[in-house]
Amino acid sequence: MRSSIDGRRTGRVAVVLALPVALGLSSIPVLADPSPPPGEVVPDRRSGTGQNGVALLRVVVPGQDGIDRLNALGVDLAEYRKPVDGGFEVHAVLSPQEAQGLRDLGFDVRGALSDQADFAENTADRQAALASAAEAEAEADTLVPLRAEWFTSRGDRRFLSVEVKSSATDAQTVLAVTWDSGKRTPPGSGGTATMSRFTDAGQYLYHRFNSPLAVAEIPTRVTVTSSRGGSVTVPVARWLGDRRKAPGRHYVADFVDHYMDPTEVTDRITTLAGEFPKISQIVDLPYRTNGYRRAAQAQFGSVAASTFYVSSKAYGHEGGNDISVALVRPDAASAPIGVSVTGKDIVVNLATDGAGAISSTARQVVDALGADAEASALLTAGTYRGDAGGGVVAAAPATRLTDSLKAPSSVSRAPFQMKALRVGKKRDGSKTGVFLYCQEHAREWVTPLVCVETAERLLRNYARHGRTRKLVDDLDIFIVPTVNPDGGHYSMYDYNFQRRNMTNHCPAGAADPAQRNSWGVDLNRNFSVGSIFDGYSGASTDCTGDTFAGPRELSEPEARNEVWLTRRYPNIKFAMNTHAYGGYFMWPPGAYRPAGRELLPRVDLGMENFFWEASGHILSAVQSWRGTAIWPGRTGAVPDVLYSAAGNSSDEHWFNRGVIGWDFEVGADVYDPATKQFRAVGFQPGFAEGHEEAMEFAGGQIGILEVARSFADDGDRPGSDLKVTGRTGASVTFTFETDEPANVYYTLDGSRPTLSSPKLAAAGIREGAQRITVGRTTEVRWFAVDIAGNVEKDYRPDGGSDDYRKERVEVRDPR
């Protein structure tokens, strides 16, 4: 903030102003500088960098005549006019002397929009950017290929996805991709396209295509060239490989035929547990929700647009809907305001003036209702969104309060008992646990169907399908099909775009009936890791914001139920949070602080590789239903492909309890060959599409169970090798490769490697393993540990064993 020329504090605008150096305002009295040099005439605006304090100022005039008068005076007006209280606001380029001259003529000249300090800062920013660009142009940038893949989706149509990182991070760097049209075809014969620069929180991450490109033939190599001179050519790999085979003719699937509300979904899993008691049971979660219920309300207008509203103290279904309020004009002059109550019928007898006209203001009615013992026992009253309530109210007939809820009677208004379906032959905590949960966000109607379909497939195929039997026998599976039952009911019956739960944490000033679709807590922002309360980005503290994190971490019973489940059953090692829409497959970390884009700690390289390897298996299972491919560009850590989500549940389970978790976003974009564009499917597609999404992502959940079972059975020790990647006369660069996702611990000083030794890290976002450079001949000692804890060659890093790997890296003397 800077001081304006009339002493007011002003904001800044990001505009470079071309301010003239001279303006004759002969009709305006102009004040000279206090002590000009002898014989020097002081202009209104001096040339040079100082510009003598010239600024863009606000001027308020009572009407068009004032604007015409300014024009007649030759004032330099901007092409701007805005109606304000008292007339019009216009903007003028003025020196301090000119501004004072206008004030002397009676004009209302106010604070500055922009002055020469802004001009100087913008000029400095521009010069710095030009200098940076010139420096970048002086040498070619380095291009680091991240991914280059082709895949098929929804049939035989082929797509190309490429990601590359440039060492030149400025916006002027343009990357172009060319590709061939198959084996032994010329480079560039397949086509060419310009890449998009992917930035987040103001930071450059990498270049990519906004959407995969449709290609006629499968390319084998792509070449990326930069406007800075960099170039790189890489082979194109296949993403996801062949679609998985059907599970067999005896396997049954497709158990959902309509969108279901949370009551139906919960009844469904309860019925399943009763039908298959030997391999399943219901776990009642301890914290009941607020319930599908609201206070009853009514809002009253006034002759001066100052309104007030009333809210019942009892929920609508518990008697609030039976309350009525009438505003009555007495047939008498100078009558005082009064309140009478008969049962649940409240009458406010409004005050009148000497002529018999109503004189009660909205504030006075609110105060009268609050002061009456009987009325205040039934309801509360408040002015509309903090309005002073000075407007006189209008008479109104008896108006019955209503909670406005539209769900049928089959939907209980009581606090909801959330349930988990536990599936497994041996449910004693000895088996690896997997937590599958859906519908944290109410409007995502497909997601509970995914969880229900998975439950049905597991239980109904147990007796007939060998692979399903192994999953149920070897795992302990917990399925919560609706984490947000109250919001789910509200979305289905009242407001389909409801994202949050139904708990209203708003103060009276934001709790009027017109805000009823804006209340609630975003459950996937209410957790305790990387929350907005810790300074992380991607949530709101506004009680009517769509990403409202709640009044505090874990304030909501729905979120506490998730935490309770993973604490109560510590054998849970894997989790999947299913959302909609967009076709994403993501993992932690999921949040960052905006300053410097400070992420929660990234998973280590071994876990990152585990996530990527598991992705291939899980997403192939998704693809097996109808060929849908989740894009490689929508697969990865949450902030690498989407945005920051402060206080999300996956971070909660991973960082606090070590649960390996993913996030599905069902509903991948659909390619339209006619327009050659992808189109989004939305939260609630027609059920024909919603059904298909439920089928394919239930397959993905089965894929996660297969990954978990493989983890539980993993007794194989990893293998690793040292790979030299570069050599000069004075140094050697190398890295390590493993035959499965694993972490590598190493030493370069001849000491015995342990779990406290340096660990091979990632080179960068989506860049793979780091390269290590040594400047002298070095004996490298190392060992690998996979995600299940198996150690290479059965080496005991904290024992007396010396069965670690070692290799001598020779650096030849350049002389």
Ring geometry between W612 and W587 (parallel below 30°, tilted from 30 to 60°, perpendicular above 60°): perpendicular

Parallel, tilted or perpendicular: rings of F736 and F734 (30°, 60°): perpendicular

Among side-chain atoms of [X] and [Y], is any donor-acceptor pair under 3.5 angstrom?
X    : Y    : answer
H441 : N524 : no
N577 : H653 : no
Q172 : S227 : no
T223 : T233 : yes
T747 : W782 : no
T173 : Y204 : no
S166 : S226 : no

Derivation and outcome, side-chain hydrogen bond (donor to acceptor under 3.5 Å, both in side chains), residues R771 and T735: CA-CA 5 Å; R771 269 56 173 167; T735 189; 4.7 Å; no

Under the side chain to side chain donor-acceptor pair (under 3.5 Å) test, residues paired with R525 that sit two or more places apart: none

Any residue meeting side chain to side chain donor-acceptor pair (under 3.5 Å) with E598, in chain and number order, not counting sequence neighbours: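 Result, side chain to side chain donor-acceptor pair (under 3.5 Å) vs E598: R593.
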
Measure from the side-chain N and O atoms of [X] to the backbone N and O of [Y], and report whether any donor-acceptor pair falls under 3.5 Å.
X    : Y    : result
Q203 : G596 : yes
D651 : P589 : no
D180 : P186 : no
Q684 : R443 : yes
S620 : L240 : yes

ring-ring contact (aromatic ring centres under 6.0 Å, His included) assessment of F574 paired with F711: CA-CA 10 Å; F574 291 85; F711 169 89; 5.1 Å; yes

F159/W239 aromatic ring centres below 6.0 Å: no

Where at least one partner belongs to residues 171-202, residue pairs that pass ring-ring contact (aromatic ring centres under 6.0 Å, His included), sequence neighbours excluded: F198-Y206

Look at [X] together with [Y] and state whether they make a salt bridge at an N to O cut-off of under 4.0 Å.
X    : Y    : value
R499 : E444 : no
R679 : D669 : no
R717 : E792 : no
K676 : D672 : no
R626 : E696 : yes
D170 : R228 : yes

Derivation and outcome, ring-ring contact (aromatic ring centres under 6.0 Å, His included), residues F585 and W631: CA-CA 9 Å; F585 188 59; W631 305 346; over 10 Å; no

Those residues that, when tested against Y745, pass ring pair (Phe, Tyr, Trp, His ring centres under 6.0 Å) (two or more places apart): F783

Counterpart residues, ring pair (Phe, Tyr, Trp, His ring centres under 6.0 Å), relative to F497 (two or more places apart):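 Partners of F497 by the ring pair (Phe, Tyr, Trp, His ring centres under 6.0 Å) criterion come out as none, since no residue qualifies.
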
Residue pair E665, H579: steps toward the side-chain hydrogen bond (donor to acceptor under 3.5 Å, both in side chains) verdict: CA-CA 5 Å; E665 292 279 351; H579 283 270; 4.7 Å; no

Sole candidate of V744, L605, N743 that passes side-chain contact (heavy atoms from CB on, under 4.5 Å) when paired with K759: N743

Matching residue for F664 among T447, L436, I618, V450 - test: side-chain contact (heavy atoms from CB on, under 4.5 Å): I618

Where G633 and V641 come nearest, the two heavy atoms and their spacing: O-CG1, 3.3 Å

Minimal non-hydrogen separation, G699 against A621, with atom names: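 That would be O-CB, 3.3 Å.
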
Check against side-chain hydrogen bond (donor to acceptor under 3.5 Å, both in side chains), Q701 and T454: CA-CA 7 Å; Q701 288 192 337; T454 298; 2.6 Å; yes

Pair listing, side chain to side chain donor-acceptor pair (under 3.5 Å) test, anchored in residues 151-162, at least two apart: R154-T628

Test log, rule side-chain hydrogen bond (donor to acceptor under 3.5 Å, both in side chains), inputs S720 and T738: CA-CA 4 Å; S720 64; T738 59; over 6 Å; no

E163: which of R208, R766, R634 passes salt bridge (charged side-chain N to carboxylate O under 4.0 Å, His left out):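 The single option meeting the salt bridge (charged side-chain N to carboxylate O under 4.0 Å, His left out) with E163 is R766.
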
Salt bridge (Lys or Arg N to Asp or Glu O under 4.0 Å) between E767 and K165, worked out: CA-CA 9 Å; E767 288 186 40; K165 183 176 182 180; 3.2 Å; yes

